[in-house]
Amino acid sequence: MAVRVRFAPSPTGYLHIGGLRTALFCYLFARRMGGTFVLRIEDTDRARFVADAEDDITAGLAWAGLDPDEGPHLGPGYRQSERTALYRSIAQRLLRSGHAYAAFDTPEALQAMRDRGETYSGATRRAMCNAFTLPQAEVEQRLAAGTPHVVRLHVPEDGEVTFTDIVKGPVTFAADSLDDQILLKSDGQPTYHLANVVDDHAMGITHVIRGEEWLSSAPKHMLLYQALGWEPPRMAHLPLILSPGGGKLSKRSATRLGIPVNVRDYQSYEPEAVINFLALLGWHPSTEQEVFTLDELKATFSLERVAPSPARFDLDKLRWFNQKHLIQLGTARVAARVRSELESALGPIDPAYLHRVLVVVGERLMRRQDLFTRFAYFFQDPESYDPRGVKKRWKADAKDLVLAYADALEALAWPEADAQSPATDLKGAEGALEHALRNLAAMRGIGAGRIIHPVRLATSGTTAGPSLFAMLAVLGRERCVRRLRRAAAVLGP
RNA sequence: GCCGCGUUCGUCUAGGGGUCUAGGACGCCGGCCUUUCACGCCGGUAACACGGGUUCAAAUCCCGUACGCGGUACCA
C-alpha cells in the first residue's frame, strides 16, 4: 500500500523548531518510501487561532525545503475548519452506535471534579450529568431544545488497549486509566482527537508520525478506530527536543541561551544545516556519516533508527553543521543568499567583489552574519583596532613601516582583478604585494613579520583573518593605502 | 498523586548476551602545519543511573528504586 504521511500543525502560533523536526521526519519517511507528504491544518481551536500562523508554517516548510504534495495552499479540504460537517456526522454515528454519549456538565462541575482529583472516566461518569445518569426522555428533550452539551467517547470500563509504536515498541494502557475524551465541543467544533482520527482515515494516512506528547492519547485514538470499524494507521511517536538544561525548550529559556524557538528566527543559519542538525537529533544512520544533504537524508532515513529517548538541543553542534554546509554550498550560492541583506545594510556591492571576499574568507565563515561582524572590514574601513593586537603587534617602528609600505603600494604595478570576471585570479597581485613587503623588510634588515602584523592590524583592525596578501589583494590598492595611512595617524608611534 | 515513555562520555549518539580494556561526532585540552586566524592532521579528557536477579558470560535480558520527560483541558 502506498505510504501517506501527514504533518498536522495547529495554527495557534508560529512554526516551532520542534514542529519542523516532526515535519522533517514525516517528509523524510514519505520520500524514502516513495509515498505522499500531506500538510493538514488543524484549526479547530477558535480561541487560540493566530491569523498569520498558517502562512508562517507554509513559509517555514518551504524555507527548509520540505514541499508538501498536498495541502491547503494546493487545494481545498486540508483545513479542518472546512470539514466540520464530516466530524459532526461521524460523531452522530458514534452516538448511535453507543460508542459516544452526550454530556451536559458545566465548566464549574468539571472543575470541581478535577479538584477532587478525578477524571471523566468509567469510574466517575455515573456521578456526572450525562446520558448515563439522566432519564432518556430528558436527554432527548435537552438535545431537542438545543441545550449546550459535549459528545464524549464512551471508554470501556475494563480491558486494555495495546499497540506497537514504531519507535517506542509495544505500549499498553489499561482502559480504566483513560478518560472519556470529549469528541465534539459544545460549540460544535471537534476536538483534536475526533478530527484527527476522522481525517487520517478519510485521507488514507498510513503512518501517523508525531511528537511524543501524543503518546498518552494514542490509545483513545485506537479506541476510536475500533469503534468506527476502521483500520488504524501505524504509529510513530517521536522523542521531544529538550533545552540544553534538560527541561522543556520554552521560549524564555531558549532565547536566553541564544536558541531561536521559531523557525522564522533561524534566518542566520542555512536551512541545510538546520535540517541536518535536526535529522541527527534522535535519528542515526547506520554509518558514521554526519554531514547530509536533504537528498542524502531522503535516501537513507528510516523510522526504525529513531531513538526512543528525548534529545537536548546543542547550539555548538548546529554551528558546526552550519559551517560545514556553508562550505558545501560554495561561494556562488552563499553570495546569492547574503547579497541583498548586505546591500540593504551597506549600500551597493560589486558582485565580483563580494565573490572574491567569500573566496578569501573561505571556511572561516561560520555564519552568514560573520560578514557583518568579524569580516565587516571587507566592506567598511575599521573603526577601531583590537587593543590586544595593538599591544602585541604595534611596536615603536610600526608607524614608519606601515607608511613605507603604503608608499610602496602606491608605486606598485598592481594587477587589479578583472571586475567582470569573478574568477578571482588574484595570484598576480598577491605575489606583487608579498614581494613589495619582503623587499621593504630586506631593505630595513628586519623580519617580514615585523611588517606583516602591523599591516594586518592597520587594514583589518584585527589580528585574525585570511592570508594577509590575499586579503590585501581583495581589498584593492585604494582601501589598503587609505587604511594604512589612517592607522599610522591614529595609532602613532 | 495517577498513567505512559525514557536513562551509554558535558552534549548528540553507536552498540541489542561473549568481538566493549565501550566506537564516532560536537565541545574542551595539548601538538603539528602556518610569521595571524581558520581548515586539516595527530594525540588527550570523558560514559554503560543505582540495587537485585537470570546466565559459564550482561552496557545488552527480567524485576525494583531513583531521576528525567510527556499526559492527566469543551489546547493542540
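Below, chain A is the first sequence line, B the second, and so on; all start at residue 1. These figures come from a predicted structure and were not determined experimentally.
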For B/A59, the Watson-Crick or wobble partner whose two distances fall under 3.5 Å:
none

Please test A/E272 against A/N276 for side chain to side chain donor-acceptor pair (under 3.5 Å), starting from the C-alpha separation and ending with a verdict.
CA-CA 6 Å; A/E272 291 83 353; A/N276 195 162; over 6 Å; no

Say we look at B/C39 and B/A25: how far apart would their P atoms be, to the nearest angstrom?
15 Å

Around A/R388, counting heavy atoms of other residues, nucleotides and ligands shown, do more than 12 lie under 6.0 Å from its CZ?
no

Under the 3.5 angstrom rule, does the side chain of A/R456 hit a backbone N or O of A/P466 as a donor-acceptor pair?
yes

For a quick check of understanding: with a heavy-atom distance under 4.0 Å over all strands, which category does A/S286 fall into, base, sugar-phosphate or nothing?
nothing

Under 4.0 Å between any heavy atoms, over every strand shown, what does A/V150 touch: base, sugar-phosphate, or nothing? Just pick one.
base

Does B/G16 have a Watson-Crick or wobble partner in any strand here, with both distances under 3.5 angstrom, and which is it?
none

Quick one about A/Y192 and A/D45 (side-chain donor to acceptor, distance below 3.5 Å, no hydrogens or angles considered), yes or no?
no

Pairwise N/O distances under 3.5 Å, protein to nucleotides 42-45 of chain B:
none

If the condition is salt bridge (Lys or Arg N to Asp or Glu O under 4.0 Å), which residues does A/E363 pass it with, not counting sequence neighbours?
none

Say you pick atom C1' in B/U60 and the same atom in B/G53; how far apart are they, in whole Å?
15 Å

A correct 5'-to-3' footprint of nucleotides 64-72 of chain B, with B, S and - meaning base, sugar-phosphate only and no protein heavy atom under 4.0 Å, is -----SBSS

A/L178 has an atom CG; how far is it from atom P of B/A73, in whole Å?
12 Å

For A/Q289, look at atom CD and say whether over 12 heavy atoms of other residues, nucleotides or ligands are found less than 6.0 Å away.
yes

When both hydrogen-bonding distances must be under 3.5 Å and the geometry is Watson-Crick or G-U wobble, what is B/U21 paired with, if anything?
none

Spacing of A/Q80 atom CD relative to B/C75 atom P, expressed in whole Å
13 Å

Side chains of A/Q111 and A/R114: any donor to acceptor distance under 3.5 Å?
yes

So what does A/I327 touch, heavy atoms closer than 4.0 Å: a base, only the sugar-phosphate, or nothing?
nothing

Quick one: side-chain contact (heavy atoms from CB on, under 4.5 Å) partners of A/D176, sequence neighbours excluded?
A/A174

What is the base-pairing partner of B/U72, counting Watson-Crick and G-U wobble geometry with both distances under 3.5 Å?
B/G1

B/C33 -> Watson-Crick or G-U wobble partner, both distances under 3.5 Å, gives none

Name the nucleic acid region contacted by A/D105, choosing base, sugar-phosphate or nothing; use a 4.0 angstrom heavy-atom cut-off, strictly under.
base

Within the 4.0 Å limit for protein heavy atoms, which parts of nucleotides 23-38 of chain B are touched? Write it as a string from 5' to 3', B for base, S for sugar-phosphate only, - for none.
SBBSS-------BBBB

Nearest-Å distance once atom P is located in both B/G10 and B/A46
10 Å

Can we call the ring centroids of A/F277 and A/F313 under 6.0 Å apart?
yes

Does NZ or CZ of A/R367 lie under 6.0 Å from the centre of the six-membered ring of A/Y269, at an angle within 45° of the ring axis?
yes

Determine whether a donor-acceptor pair (N or O, by modelled atom type, separation under 3.5 Å) exists between the side chain of A/E296 and the backbone of A/T293.
yes

Rounded P spacing from B/G31 to B/C12 in Å:
30 Å

Ion pair A/R444/A/D397, N-O distance below 4.0 Å:
no

From CZ of A/F173 over to P of B/C2, roughly how many Å is that when rounded to an integer?
17 Å

Within residues 44-58 of chain A, which residues have any heavy atom lying less than 4.0 Å from an atom of RNA chain B?
A/T44, A/D45, A/R48

With rounding to the closest Å, how many angstrom separate the P atoms on B/C41 and B/C26?
10 Å

A/F292 CZ to B/C12 C1', straight-line distance once rounded to whole Å:
13 Å

Any base atoms under 4.0 Å from A/G282, or only sugar-phosphate, or nothing? Heavy atoms, all strands.
sugar-phosphate

Can you tell me the base-pairing partner of B/G10? Count Watson-Crick or G-U wobble geometry only, both distances below 3.5 Å, and say none if there is no partner.
B/C26

Measuring only the C1' atom in each nucleotide, how far is B/U21 from B/C9? A whole number of Å is fine.
16 Å

Return the nucleotide paired to B/U65: Watson-Crick means purine N1 to pyrimidine N3 with N6-O4 or O6-N4, wobble means G-U with N1-O2 and O6-N3, both under 3.5 Å.
B/A49

For A/Y120, is the NZ or CZ atom of A/R152 found under 6.0 angstrom from the centre of its six-membered ring and inside 45 degrees of the ring axis?
yes

